[in-house]
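Scroll down for the structure; my scribbles are underneath it.
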Amino acid sequence: MYKFKYLASIFLASQIFTVQAVEFSGFIGVESLGFLHSPLENTQHQHYFSGVAEFEWYHEWDNGKQSLAFVPFYRYSQHDSRRTHFDIRELTWLKAAQNWEFRLGFRKVFWGVAESQHLVDIINQTDSVENSDTEDKFGQPMLNLAIIQDWGTVDLFILTGFRERSFSGVEGRLRSIPEISLGAAKFEKYGVQKHLAYAIRWAHTLDNLDLGISHFYGTNREPSLIPIISAMGSLQLIPYYEMIHQTGLDLQLTQENWLWKLETMLRSGQGKTFLANTAGLEYTFYNVLDSSIDVGLVTEYLYDSRGNNATSMNEDDILAGIRLAFNDIQSTDILAGILFDRDSQEKLYSIEASRRFGDAWKLQFEARFFSNSKPNDISYFLRQDDHVRFELGYYF
Amino acid sequence: MQKLISICCATLLSFQVWAITPEEQGLQIIQEVDARDTGFNDSSADLNMLLINKSGDSSERTLTIKTLELAGDGDKSLTIFNSPRDIKGTAFLSFTHALKPDDQWLYLPALKRVKRISSANKSGPFLGSEYAFEDLTSFEVARYKYKYLADEIINGIDCYAIEMHPQYAHSGYTKQIAWIDKNRYIVIKIDYYGRQNTLLKTQIFNQYQQYLTKYWRADEQIMSNHQTGKVTKLSWRNYQFGVGLSARDFDQNSLKRAR
């Protein structure tokens, strides 16, 4: 009996050891990105094939209180050399204790609650060649200490190393005319000041209210675009990165089938101080008509106090969207929406859908259509760029 | 005379004890089930879900579920998805309450985003399975009203049949009938009824094991949907009790690094 127990404990220990070995996972995929209309410039193409891979190595020890994660990412794109890119999405050491967590390395941090845009989310630079929805981010090198108390969690960040935003190249679509010159980016500060940024955030849950208050100081993640005439006499667009202070508030009230959301941000340092908001709600009907389908209705109002001078397209816009979750074995999901500019009447239509095939394959579909943009709208550049994207991924 | 009175009194008293209503008796039995399963503090287990459709095709999900028992409130639980691989790393944090709405958060690893989600979705399918969210949340006595129906033998086990009426909002059931093992006070079988008293689903609990000489857990649970012919089979592995988990292991910080 004792011998059996002894053997059993060896078996258990070996099990635990296996569990603590390096975990490997990830996905590889192929993408088809097709445009419905002929491009504005003849350097651009109608269709782009692309391949993507993201791997994760994860190892934890010290009873899960310490871990190391490494997530490299690579996309190869036909034609657009700027979309062919490599990034370290994550390379982080984590140490967790009862009242704090410390993280060191490259990683991604998300703040916010809204669906249409992410105003408060500022830690990472946007990987805008990956997808125009601004939800893909570059890994940000940082030191992060989270202090965990009954009155909430305070996260302190020192962000070490500024990364420029990516933009489509001369052969790519979904870009300005002319394309944005990358090598020539200008900064308000150079050297250490350009590279170091600081952030703090307090987040807490009070019954059915989740809220966060944050402040960021450092080089802006969102550049202003400056038109200049080059020595050759041609027009160029240069990204200009100011030093900014940005204070953010995000909150969500969750009440039965309702989600009430607010994100608000005050930024100084990029021109005149301005305020931007996203306020909205989401109502979900669960298991409609005795099926297992959930139908969610989403609406948000997007505001920017700079009005037509805003660097974003969303200065006085309304999002109306519908989310369908089929809750089937293949986890079929559809999200469709219209973003409507109240002032200029321009519209963006968007549909996203995904479905799993078998246990390891997933097909994602995305279509975006731009309509009614006027010559003085930022989106005027995108008037020919209605597109349909498929990505088939294998997950392991 | 005095003797007669005392006999009468005793008879009356015992009659009163015996004349407990079916509702009271049902509640007493469930309270005993609950009392016998109290005090483990925390547990962790791996779950394999096998989803089988009418034509026999199957699909598998693997998860880890951690639970923290709370006195005076519902349990806290953390569910970590391991497969299918496209949802690997997704994690679900739930604070159950007896009658007020549960608090629930979902962590989406691709976006590194924690989303507070509505807990009004009680009757929806969990991961496309025949289990609804409400079938998998921790059991709280106050969530139902009870009525003892009869003594019945199920698979050779002497059971109490208890009718249960959900008292929480958004349930997909009008009633459930649970068969409780008279000897061990554990659930052997549950029938789930929808509107017009239609039998929707049946769950059976197999291969019970006892842990820490007290807590019974079924290694296998099978949910059959009588409307669609679909079946979901749960297989539990690596049950551990008293792992030393605390409320800190069930907060949003832990949710973001759950594995």
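Values reported hereafter were calculated over all heavy atoms of this structure, with side chains retained and with hydrogens, waters and symmetry mates removed. As the structure is a prediction and not an experimental result, all values here were calculated from the model. The chains referred to below are lettered A, B, ... by the order of the sequence lines, with proteins before strands, and numbering in each begins at 1.
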Checklist entry - Between S331(A) and L127(B), is any pair of side-chain heavy atoms under 4.5 Å apart? => result no
Next on the checklist: Check whether F27(A) forms a cation-pi arrangement with R85(B) (NZ or CZ under 6.0 Å from the six-membered ring centre, at most 45° off the ring normal).
Outcome noted: no
Item to check | Heavy-atom pairs under 4.5 Å with chain A, option from S59(B), S118(B), G128(B) with the top count | outcome: S118(B)
Next on the checklist: Could you check whether any side-chain heavy atom of S67(A) comes within less than 4.5 Å of a side-chain heavy atom of R257(B), counting everything from C-beta outward?
Outcome noted: no
Checklist entry - Considering only heavy atoms from C-beta outward, does the side chain of F110(A) approach that of L108(B) to under 4.5 Å? => result no
Item to check | CA sep, side-chain torsions, deciding dist, call: I117(B), T254(A), side chain to side chain contact (heavy atoms under 4.5 Å, CB included) | outcome: CA-CA 7 Å; I117(B) 58 171; T254(A) 307; over 6 Å; no
Checklist entry - Non-hydrogen atoms of chain B under 4.5 Å away: do they reach the side chain of T284(A), the backbone, both or neither? => result neither
Checklist entry - Can you say whether H118(A) sits under 4.5 Å from chain B via the side chain, the backbone, both, or neither, judging by heavy atoms? => result side chain
Checklist entry - Taking K88(B) for the side chain and G26(A) for the main chain, is one N or O donor matched with an acceptor at less than 3.5 Å? => result no
Item to check | Region of A132(B) in contact with chain A, defined by heavy-atom distances below 4.5 Å | outcome: neither
Item to check | Max heavy-atom pair count under 4.5 Å with chain B, selected residue of E282(A), E56(A), K108(A), K362(A) | outcome: K108(A)
Next on the checklist: What part of I329(A) gets within 4.5 angstrom of chain B, counting heavy atoms only: side chain, backbone, both, or neither?
Outcome noted: both
Checklist entry - Do E135(A) and K112(B) sit within salt-bridge range, that is, some charged N less than 4.0 Å from a carboxylate O? => result no
Item to check | Side chain, backbone, both or neither of L253(A) within contact of chain B (heavy atoms, under 4.5 Å) | outcome: neither
Item to check | N287(A) portion near chain B, given a 4.5 angstrom heavy-atom threshold | outcome: side chain
Checklist entry - Is there side-chain contact between R259(B) and Y58(A), with at least one heavy-atom pair below 4.5 Å? => result yes
Next on the checklist: More than 12 heavy atoms of other residues, nucleotides or ligands under 6.0 Å from NZ of K145(B): yes or no?
Outcome noted: no
Next on the checklist: In the structure I gave you, are the side-chain heavy atoms of W105(B) and T205(A) within less than 4.5 Å of one another anywhere?
Outcome noted: yes
Checklist entry - When only pairs under 4.5 Å are counted, which of V113(A), L259(A), I148(A), D136(A) shares the most heavy-atom pairs with chain B? => result I148(A)
Next on the checklist: Quick check on N208(A) against chain B: is it the side chain, the backbone, both or neither that has a heavy atom closer than 4.5 Å?
Outcome noted: both
Item to check | Heavy-atom proximity to chain B below 4.5 Å, by part of Y395(A) | outcome: both
Checklist entry - With respect to chain A, which residue among S83(B), S123(B), S119(B), A110(B) yields the maximal number of heavy-atom pairs within a distance under 4.5 Å? => result S123(B)
Checklist entry - Where on L94(A) is there a heavy atom nearer than 4.5 Å to chain B: the side chain, the backbone, both, or neither? => result side chain
Checklist outcome for this item: Turns out that what part of Q252(B) lies under 4.5 Å from chain A's heavy atoms comes down to side chain
Checklist entry - For K233(B), does the NZ atom sit with more than 12 other heavy atoms under 6.0 Å from it, leaving out its own atoms? => result no
Item to check | Close side-chain approach of R248(B) and N99(A), heavy atoms under 4.5 Å | outcome: no
Checklist entry - Measuring heavy-atom distances to chain B, does Q252(A) have an atom under 4.5 Å in its side chain, in its backbone, in both, or in neither? => result side chain
Checklist entry - Is the shortest heavy-atom distance from the side chain of K100(B) to the side chain of D207(A) under 4.5 Å? => result yes
Checklist outcome for this item: Under 4.5 Å to a heavy atom of chain A? For K122(B) that would be neither
Checklist entry - In Å and rounded to the nearest 0.5 Å, what is the CG to CG distance from D155(A) to N253(B)? => result 7.0 Å
Item to check | Which atoms of S246(B) approach chain A - backbone, side chain, both or neither, heavy atom under 4.5 Å | outcome: side chain
Checklist entry - Does a side-chain heavy-atom distance below 4.5 Å link N257(A) with H170(B)? => result yes
Next on the checklist: Using 0.5 Å steps for rounding, measure from the OG atom of S25(A) to the CG atom of N82(B).
Outcome noted: 9.0 Å
Item to check | Nearest-0.5 Å distance that lies between atom CG in D328(A) and atom CG in L51(B) | outcome: 10.5 Å
Checklist entry - If you measure from the Lys or Arg side-chain nitrogens to the Asp or Glu carboxylate oxygens, is any gap between K256(B) and E101(A) under 4.0 Å? => result no
Item to check | Atom CG of L206(A) with >12 non-hydrogen neighbours under 6.0 angstrom | outcome: yes
Item to check | Contact origin within D57(B) toward chain A - heavy atom pairs under 4.5 Å | outcome: neither
Next on the checklist: Does any backbone or side-chain atom of D249(B) lie under 4.5 Å from a heavy atom of chain A? Answer side chain, backbone, both or neither.
Outcome noted: side chain
